[in-house]
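Read through the structure below, which is laid out as structure tokens, and then see the notes.
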Protein chains: 2
Amino acid sequence: MGPIREMLSQSDINEQKWRVLRVLDERGPSELTLVAKEACLLLPSLTRIIRAMEDEGLATRATDAGDRRKSIATITEAGRALIVAHMAESNAIFARLEQDFGREKLEQLLDLLDELQTLDLYKP
Amino acid sequence: MGPIREMLSQSDINEQKWRVLRVLDERGPSELTLVAKEACLLLPSLTRIIRAMEDEGLATRATDAGDRRKSIATITEAGRALIVAHMAESNAIFARLEQDFGREKLEQLLDLLDELQTLDLYKP
DNA sequence: GCATAATAGTTAACATGTAAAGTATAAGGA
DNA sequence: TCCTTATACTTTACATGTTAACTATTATGC
């Protein structure tokens, strides 16, 4: 993810915020636990990140009406604009990776990682 | 690597020190840049870790005679003893992973990751 | 219903990662 | 030889990850 980090460092955003933005954009308003899982973050990290993102106007939050323990995060227009601004470059980086590494291998790798992550190695 | 971390947390050692110990054990006395590469650490991290390991008597250091910029790290008997003490459990964890995930898949995954890491995505 | 447990997040304290600048030594070229 | 560049770390400062303890709210068993 080095190239992605490099791309984002030009802007006023980092890798974690980028992942959160993309999750919120793809899945719509979501509770924080889900966002954390999708963005591969622990909740304490997400707490920190999303507070910053609120301050920067990239996302908003509201407590869920049905279950007041839950907090629902939503991407703002500014957040969406940031995604649009970087999407072309992001795609180019990904295309480059596909070309250098091989599309099949890349898919294989991602599948294996996904599968490994769903394995629960703790239970016996 | 969760299970490995769990195993080590019982003891007075952590994941990074474990990796450094294993590198030093497998490759013998080595300069720090090599150790960092093999243990997937940046040099500043290694500096911190190896100082602690010296204090705990797990490794020693000496400046290279031929090139006085280099620092050569060596595992001690205490370090080797720590490896021995945890090796059986480490092997069991790995065997468990092989069983749950599949040996072939695991090898495939490690190969792909290795290959990806050698790719230089920054150059042209 | 009420006590207990479970869930969703937050906070705080500490460990670790990372980038940038600094030091010391070595190598190369005019 | 002297100046410049490169290498091998170290130090510093800050970002991020991680664990444990905490609050608030909801679900469950009796």
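Protein chains get the first letters and strands the later ones, always in sequence-line order, with residue 1 at the start of each. Since the structure is predicted, the reported quantities are computational estimates derived from the model, not experimental observations.
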Problem - D67(B): side-chain hydrogen bond (donor to acceptor under 3.5 Å, both in side chains) partners, not counting sequence neighbours - result: R69(B)

Handout entry: Nucleic acid contacts of residues 23-32 of chain A, taken as heavy-atom distances under 4.0 Å to DNA chain C
Key = E31(A), L32(A)

Problem - Residues forming a side-chain hydrogen bond (donor to acceptor under 3.5 Å, both in side chains) with R48(A), sequence neighbours excluded - result: none

Completion exercise
The side-chain hydrogen bond (donor to acceptor under 3.5 Å, both in side chains) partners of E56(B) (sequence neighbours excluded) come to K17(B)

Exercise for the section: Compare all side-chain heavy atoms of L41(A) with those of V35(A) and state whether any distance is below 4.5 angstrom. Expected result: no

Exercise for the section: Taking the side chain as every heavy atom from C-beta outward, state whether D64(A) and E31(A) have any pair of such atoms under 4.5 Å apart. Expected result: no

Handout entry: Phosphate contact (dA8(C) OP1 or OP2) by R61(A) side-chain N/O below 4.0 Å
Key = no

Problem - Value in whole Å for how far the P atom of dA15(C) lies from NZ of K17(B) - result: 10 Å

Exercise for the section: Only counting residues at least two apart or in another chain, list the ones meeting salt bridge (Lys or Arg N to Asp or Glu O under 4.0 Å) with R103(B). Expected result: E107(B)

Problem - Distance test, side-chain N/O of Q16(B) to OP1/OP2 of dG17(C), below 4.0 Å - result: yes

Completion exercise
Rounded to 10°, the angle between the first-five-pair and last-five-pair axes of the helix from dG1(C)-dC30(D) to dA30(C)-dT1(D) is 30°

Problem - Between P of dG9(C) and CD of E54(A), the distance in whole Å - result: 13 Å

Problem - Contact check, side chains of L32(B) and T47(B), non-hydrogen atoms, under 4.5 Å - result: no

Fill in the blank from the handout: Sorted by position of nearest nucleotide on DNA chain D, 5' first, the leading residue of R68(A) and R19(A) is R19(A)

Exercise for the section: Please name all residues satisfying side-chain hydrogen bond (donor to acceptor under 3.5 Å, both in side chains) with K37(A), sequence neighbours left out, ordered by chain then number. Expected result: none

Return a table of donor-acceptor pairs under 3.5 angstrom between the side chains of residues 22-29 of chain B and protein atoms on other chains or two or more places apart.
residue: D25(B); atom: OD1; partner: R80(B); partner atom: NH1; Å: 3.1
residue: R27(B); atom: NH1; partner: E38(B); partner atom: OE1; Å: 3.2
residue: R27(B); atom: NH1; partner: E38(B); partner atom: OE2; Å: 3.4

Fill in the blank from the handout: Applying salt bridge (Lys or Arg N to Asp or Glu O under 4.0 Å) to E98(A) and not counting sequence neighbours gives none

Problem - Annotated protein contacts, base or backbone, on nucleotides 1-7 of chain C with a non-hydrogen cut-off under 4.0 Å, one of B, S, - each - result: -----BB

Problem - Of residues 34-53 of chain A, the positions that come close to DNA chain D - non-hydrogen atoms, cut-off under 4.0 Å - result: L41(A), L42(A), P44(A), S45(A), R48(A)

Problem - Any N14(A) side-chain nitrogen or oxygen under 4.0 Å from OP1 or OP2 of dT16(D) - result: yes

Problem - Side-chain N,O (T33(B)) to OP1/OP2 (dT7(D)) below 4.0 Å - result: no

Handout entry: Lys/Arg N to Asp/Glu carboxylate O, R96(B) vs D100(B), below 4.0 Å
Key = yes

Fill in the blank from the handout: Sorted by chain and number, sequence neighbours left out, salt bridge (Lys or Arg N to Asp or Glu O under 4.0 Å) with R61(B) holds for E54(B)

Practice task
Could you tell me the separation between the CG atom of L109(A) and the NZ atom of K105(A), rounded to the nearest 0.5 Å?
Solution key: 10.5 Å

